[in-house]
Every structure is written in C-alpha cells, then in structure tokens.
Amino acid sequence: MMIHPDLMLTLANEHHRELIAERDRERLLTSARAARKARRAAKNLAARGRPTGSLSAYDPSVAAPAR
C-alpha cells in the first residue's frame with residue numbers, strides 16, 4: 001500500500017518538530033540545573049564568611065556575642 005506523498009511529508013515534518021522540541025526541553029533543563037548549581041555554590045561561599053550565630057563554639061548552651 002502506497003502512502004500519499006503529502007501525508008509522508010507531513011509525518012516527517014511532525015517528527016522533525018518533535019525532535020527539535022525534545023532537544024529544546026533538554027537544553028532548558030540542563031541550563032536550569034547549571035544555574036541552580038551555580039546559585040547553590042555562590043550561596044555556600046557567601047555563607048562561609050558570616051558569623052554562624054550568637055552561641056559560642058565551645059559550649060553550645062552558653063550564649064556569646066557573635067564575632
């Protein structure tokens with residue numbers, strides 16, 4: 001049974017659009033993951049230079065001013 005050429009072209013174009021859309025989704029997810037990882041790394045680096053709170057490092061039950 002022969003498939004009409006217009007139908008075959010339509011199917012090929014639809015498949016091509018699906019492949020492009022799938023690749024775009026993958027690229028978007030990869031970019032979002034990389035941005036999230038970079039934000040987490042920047043947040044961790046920024047938190048290291050700040051005081052941790054008002055409790056002394058030696059005795060957790062004794063309050064001391066933050067340094």
Mind listing the side-chain donor-acceptor pairs of residues 2-21 below 3.5 Å, one per line with the distance, residues two or more places apart or on another chain?
from  : atom 1 : to   : atom 2 : distance (Å)
His4  : ND1    : Asp6 : N      : 3.2
Thr10 : OG1    : Asp6 : O      : 2.8
Asn13 : ND2    : Leu9 : O      : 3.4

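- Contact annotation: the side chain of Glu22 approaches that of Arg25 to within less than 4.5 Å [non-hydrogen atoms, C-beta and beyond].
- Residue pairs meeting the side-chain hydrogen bond (donor to acceptor under 3.5 Å, both in side chains) criterion with at least one member in residues 27-36, sequence neighbours excluded: Asp24-Arg27.
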